[in-house]
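Working notes, beginning with the structure itself.
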Number of protein chains: 2
Amino acid sequence: MKTSVLSFLRRYGSLFLYGVALASLLFLLKWLELRFLFIHYSIELYIGSIALVFTLLGIWLSHKLTRPKVVVLEREVLVPGPGAGVNNEMIARLGISKREMEVLTLIAEGLSNEEIAARLFVSLNTVKTHSSRVFGKMEVRRRTQAIDKARRMGLIP
Amino acid sequence: MKTSVLSFLRRYGSLFLYGVALASLLFLLKWLELRFLFIHYSIELYIGSIALVFTLLGIWLSHKLTRPKVVVLEREVLVPGPGAGVNNEMIARLGISKREMEVLTLIAEGLSNEEIAARLFVSLNTVKTHSSRVFGKMEVRRRTQAIDKARRMGLIP
DNA sequence: TGCAAAATCACCCGAAAGTATGAGCCCAAA
DNA sequence: TTTGGGCTCATACTTTCGGGTGATTTTGCA
C-alpha cells in the first residue's frame, strides 16, 4: 500500500497538488459565496424585521390613537306619553292643595262625589267644596273637562 | 518671481512634495471620513424611511383590514305606549257603533251633552241615548268612569 | 302664640247627567 | 221583501253635579 501511494505521489504529485489547490480555491469561493449570501440574507432579514416591527407598531398606533367610532343604538322604551311625571310646578302655580289633588285624582278615576266622600271619610258636601275649588282654580266647569285639562297639563298621570 | 520659485523648489523640493503628499493624504482621509459619515447617515435614513413607510403601512392596514372600533351607546327613546293606537278590536268586541264612539270621544274631551249635540248636529236626547248605550256596553254608570275605562282599554288615545 | 290657609261641613237651588220607554227612519243583508 | 242594526228624537223621571253662601275646626308657619 505504502509503496503504491508513494509511487502515485511521485508520479502525479504536482497534479494532485493542483487538484487540492483547485478544490481549496473552490471551497474558498463557496465559502465566500455563502458568506455573501449570509450577509445578503442578513440585510434582508434585518430590513424585513424592521418592516415587520414597524408595521406592527403602526397597527398598534392605529389602535391606540384612533378614537373609537361611536355608534348610538336607540333602544325603544315605552314611556307614558305626555303624562310622564306629575307636574308639581303646575299644581303649585294653580294653588291646588293636597286634598284638592286627591279629589281630582279620584274624579279622574271615575268615582262619583259620594264615592269619593266615602273613600276619603268626609261628607259629600266637603267633596263638593273641594271639587268646586279645583274647578275654579283650573278654570273649568265640569269634571270631565277637569280630567281632560288635568291630563294635558300633567297634573295627573 | 520665477527665480525665487525655482530656487525655492530646488532648495525645498522634497519637503514641498512631502507637504503636498501629506495634504493629499489628509484630504483622502477626510474624504473617507465624509464618505463614512455619508454611508452612516445613509443607512440611518434608509432604516428610518423603512420604519416610517412600514409604520404608515401598519396604520393603513389597521384601517383597511380591521373592523372599526365601535362603542355602543344605548339611548332611551320615548315611544308612545300601547295607548297610541285605537284598539279597534275592543271596540268591535263591545259592539260600540261609530256614532257612539264619536260621542264617547267628545265626552272624553270634556264636552257636555249639549255641546256634543251641537257639535254633531243632533238633539240633546240623541246624545243622551248614545251615551247611555255606550255606558251600558262598557258597563259603567258615569261618563267619568267611561273616560277612565275607555283610556285603560285603549278605546280612546 | 297668633294668623292665614287649608280642611271640614251644611243647606239650597238650578243645571247637567243618566235611566227608561217608546217610536220613526234608513239601509244593508238575509 | 222582511228583518235587524244603527241613528234619530221625544217624554218623564231620578240622580248627580256644580254654584253660592256661610260657618267651624285644624294646621302649618312666622
Side-chain angles (χ1 to χ4, degrees), chain A residues 86-153 155-156, chain B residues 86-153 155-156:
Chain A
V86 175
N87 192 345
N88 291 308
E89 311 163 33
M90 186 63 76
I91 295 172
R93 200 191 314 167
L94 296 179
I96 299 175
S97 74
K98 193 187 298 180
R99 204 60 162 169
E100 287 163 355
M101 270 307 299
E102 290 185 272
V103 172
L104 180 58
T105 2
L106 293 177
I107 283 176
E109 289 178 12
L111 303 208
S112 71
N113 286 342
E114 202 121 31
E115 289 167 338
I116 295 172
R119 184 79 68 92
L120 299 181
F121 303 104
V122 295
S123 81
L124 172 62
N125 294 304
T126 306
V127 176
K128 280 190 174 184
T129 14
H130 284 318
S131 60
S132 259
R133 286 183 174 281
V134 171
F135 296 160
K137 288 169 181 176
M138 292 182 66
E139 297 176 344
V140 296
R141 313 191 59 74
R142 283 176 292 283
R143 48 182 45 237
T144 53
Q145 234 182 331
I147 294 170
D148 187 61
K149 196 163 182 179
R151 282 196 179 282
R152 294 186 197 278
M153 292 194 300
L155 269 46
I156 52 179
Chain B
V86 176
N87 191 347
N88 291 308
E89 312 164 29
M90 186 64 75
I91 294 173
R93 201 192 312 169
L94 294 178
I96 299 176
S97 73
K98 192 187 298 180
R99 203 60 160 170
E100 286 163 356
M101 271 306 301
E102 289 186 272
V103 172
L104 179 58
T105 316
L106 294 177
I107 283 175
E109 288 178 13
L111 275 65
S112 71
N113 286 341
E114 204 123 30
E115 290 168 338
I116 295 172
R119 185 77 68 90
L120 300 181
F121 303 106
V122 296
S123 81
L124 172 61
N125 294 304
T126 305
V127 176
K128 281 189 176 187
T129 41
H130 283 318
S131 61
S132 259
R133 286 184 174 282
V134 170
F135 297 159
K137 289 170 181 174
M138 293 181 66
E139 297 176 345
V140 296
R141 327 196 103 270
R142 284 176 291 282
R143 50 182 45 274
T144 53
Q145 235 182 330
I147 294 170
D148 186 59
K149 197 162 182 179
R151 280 195 180 284
R152 295 186 196 279
M153 292 196 298
L155 268 47
I156 52 179

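These numbers come from the heavy atoms of this one structure, side chains and all, not from hydrogens, waters or symmetry mates. Chain identifiers are assigned alphabetically (A, B, ...) following the order of the sequence lines, protein sequences preceding nucleic acid strands; residue numbering begins at 1 within each chain. These numbers come from a predicted model, not from an experiment.
- Listed by first and then second residue, the side chain to side chain donor-acceptor pair (under 3.5 Å) pairs involving residues 127-141 of chain A are A/E100-A/K137 (not counting sequence neighbours).
- Across all strands, A/S123 comes closer than 4.0 Å only to sugar-phosphate atoms, never to a base (heavy-atom distances).
- In this structure, CD1 in A/I96 is found 5.0 Å from CG in A/L155, a value given to the nearest 0.5 Å.
- Interface residues of residues 89-104 of chain A facing DNA chain D, ordered by number: none; criterion, heavy-atom separation under 4.0 Å.
- Between the CG atom of B/L94 and the OG atom of B/S97 there is a distance of 12.0 Å, given to the nearest 0.5 Å.
- Considering all non-hydrogen atoms of both residues, A/R143 and B/T144 come closest at CD-CG2, 3.6 Å.
- Closest of all the heavy-atom pairs between B/I147 and B/I107 is CD1-O, 3.6 Å.
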Review item, nucleotides 28-30 of chain C N/O atoms under 3.5 Å of protein N/O:
none

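- Whole-Å rounding puts the A/Q145 CD to D/dG18 C1' distance at 12 Å.
- Listed by chain and residue number, B/L106, B/L111 satisfy the side chain to side chain contact (heavy atoms under 4.5 Å, CB included) test with B/R119 (two or more places apart in sequence, or in another chain).
- With hydrogens and angles ignored, the 3.5 Å screen pairs no side-chain donor or acceptor of B/K149 with any backbone N or O of B/V140.
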Begin with the C-alpha distance, continue with both residues' side-chain angles, and end with the deciding distance and a verdict on side-chain contact (heavy atoms from CB on, under 4.5 Å) for B/E115 and A/R142.
CA-CA 12 Å; B/E115 290 168 338; A/R142 283 176 292 283; 2.8 Å; yes
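- Close to C/dT8, at under 4.0 Å from its OP1 or OP2, lies a side-chain N or O of A/H130.
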Could you run down nucleotides 13-24 of chain C 5' to 3' and tag each one B, S or - for protein heavy-atom contact under 4.0 Å?
----BBB-----
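- Under the rule for a salt bridge (charged side-chain N to carboxylate O under 4.0 Å, His left out), the partners of A/E102 that lie at least two apart in sequence or sit in another chain are A/R99.
- Closest heavy-atom contact between B/L124 and B/E114: CD1-N, 3.8 Å.
- Between A/L106 atom CG and D/dC17 atom P there is a gap of 13 Å when expressed in whole angstrom units.
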